[in-house]
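Have a look at the structure below, then the notes.
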There are 2 protein chains.
Amino acid sequence: MSPAPAAVPPVAVPVHKIRVILADDHPVVRDGLAAILNRQPDMEVVAEAADGEEATELYDRLQPDVMVLDLRMPKRDGVAVVEMVLAAHPHARLLIMTTYDGDEDIFRCLSQGAKGYMLKDAPRTEILAAIRAVSEDRPYASSSVASKALQRMAKPSLTQRELGVLQLLAEGRSNKDIARRLSITEGTAKTHVKAILTKLDAISRTEAVAVAHKRGLVRL
Amino acid sequence: MSPAPAAVPPVAVPVHKIRVILADDHPVVRDGLAAILNRQPDMEVVAEAADGEEATELYDRLQPDVMVLDLRMPKRDGVAVVEMVLAAHPHARLLIMTTYDGDEDIFRCLSQGAKGYMLKDAPRTEILAAIRAVSEDRPYASSSVASKALQRMAKPSLTQRELGVLQLLAEGRSNKDIARRLSITEGTAKTHVKAILTKLDAISRTEAVAVAHKRGLVRL
DNA sequence: TCCCGCCTCTCTCAAAAGGAGTAGATCCAC
DNA sequence: GTGGATCTACTCCTTTTGAGAGAGGCGGGA
């Protein structure tokens, strides 16, 4: 075989680096991700966002190959960012990265069109694999996330009204109180609560709230 | 002025660098912190721990100037690490770093002897300031943390028994169920629940659970 | 020793919650 | 337009919860 000319570098440099935007409200996490990604020859962090609004704007302007998104951010929630970015750019490749909070968020993001979902405690290699997969438009979910998504699909989903009632339930409101706030009768409130108990497979309202917290159906 | 000899570096290098151990179960966060600290001329990351056990062992072995500790870690909880390290090394300088979770954790760590407490969304400058303060044995708490600690001190604290009952309450158990699990009568369980409601200033058990979650008195 | 906090247990009574079933009004999709 | 889902509302009945008040035992600190 003829040897390669001396000018060729030992490591192959890809023609197009994967251009990445990082969106996370923790400076420490952004620095950590940036440090990991910038060590890779085929990746490049082109911008960082500290909240949801910034993330949306930066995506519009820079149109990166991948945006890594934290779910919980100030100003605009990660789910809202997914929705807005995909509305403007239907082929956007978004990778959700969050400290796991229950299957509801996973389900919502993936069903809205996010390409990948992973947890913040993932090892570096997995993070890189996820970004490469998403950049090639291949879906990515770690096995724990995938199994959660499957579990979630088997469960009955709550209606909008029920979610509203559940939120008040989680705040510790009584049926009477819920009825007042929603301008319905106490009987109707009880009907909704009963439906919630059935769907969440709970015996009491307190247990329902515990289940809701575990699944990420309500926020503190 | 006579110019410095060529051998002297332009930036003053302190005689003793602050030796730091990082303990956090997220590789990304460790990388981020390491990147920030290693940029400083007066700091040096000497080890990283991915769980509480490792953190305790590494502290024993390396005796760093400061250990930065995440509160939520596998195998051994951050509070337990604080307790164990301080038992073996009464002058250990520990800086708690966590995503804010309510005033209970703050209170417990600080009252156990942790020197500092800060939030993960803190800007880089604040993180560095906290580490320098703690390394000099000066307490550090960001203003939001400090005010939380003060708030907490004004509130009545629950007894051990009440905390046990509260945990079961948060899981959605009924009085009868709680009584069975704790081997007491239902009447006694009700007495405890009533005491909890009074101390947490809640009208119903569900509201009590909501308050407990906000304060970090119970874990999911 | 005496008091106090904690845990235990008891009682009564009213209010709230929960189980089961029925049903009218919309609205949307097939 | 028929069927299904959703929201609304009702009744009847049982169980659970919460308020109030009292009291004995036990351990530790003044």
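- How far CE of A:Met118 is from CG of A:Leu95: 6.5 Å, rounded to the nearest 0.5 Å.
- Using a cutoff of 4.0 Å between basic side-chain nitrogens and carboxylate oxygens, B:Asp51 and B:Arg76 are not scored as salt-bridged.
- DNA chain C is contacted by no residue of residues 160-172 of chain A, taking any non-hydrogen atom closer than 4.0 Å.
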Protein proximity profile, nucleotides 14-30 of chain C - base contact B, sugar-phosphate-only contact S, no contact -, cut-off 4.0 Å on heavy atoms: --SBBBBB---------
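- The salt bridge (Lys or Arg N to Asp or Glu O under 4.0 Å) test with A:Asp24 is passed by exactly one of A:Lys120, A:Arg30, A:Arg72: A:Lys120.
- Put simply, CG on B:Asp177 is 17 Å from P on D:dT15, counting in whole angstrom units.
- Taking 4.0 Å as the cut-off between side-chain N and carboxylate O, B:Asp65 and B:Lys17 do not count as a salt-bridged pair.
- One finds no side-chain N or O of B:Thr159 lying less than 4.0 angstrom from the OP1 or OP2 phosphate oxygen of C:dC6.
- Between the CD1 atom of A:Ile196 and the P atom of D:dT6 there is a distance of 13 Å, given to the nearest Å.
- A donor-acceptor contact shorter than 3.5 Å links the side chain of A:Thr56 to the backbone of A:Gly52.
- Here C:dC9 presents its C1' atom at 10 Å from NE2 of B:His192, a figure rounded to the nearest Å.
- A:Thr188 and A:Thr185 share a donor-acceptor pair across their side chains, judged by distance under 3.5 Å alone.
- When the nearest nucleotides of DNA chain D are assigned to A:Gly187 and A:Lys199 by heavy-atom distance, the more 5′-ward of the two goes with A:Lys199.
- Residue contacts shown for A:Thr188 include a base, since a base heavy atom lies under 4.0 Å away.
- Taking 4.0 Å as the cut-off between side-chain N and carboxylate O, B:Asp103 and B:Lys155 count as a salt-bridged pair.
- The salt bridge (Lys or Arg N to Asp or Glu O under 4.0 Å) test with B:Glu104 singles out one residue from B:Arg152, B:Lys214, B:Arg215, and that residue is B:Arg152.
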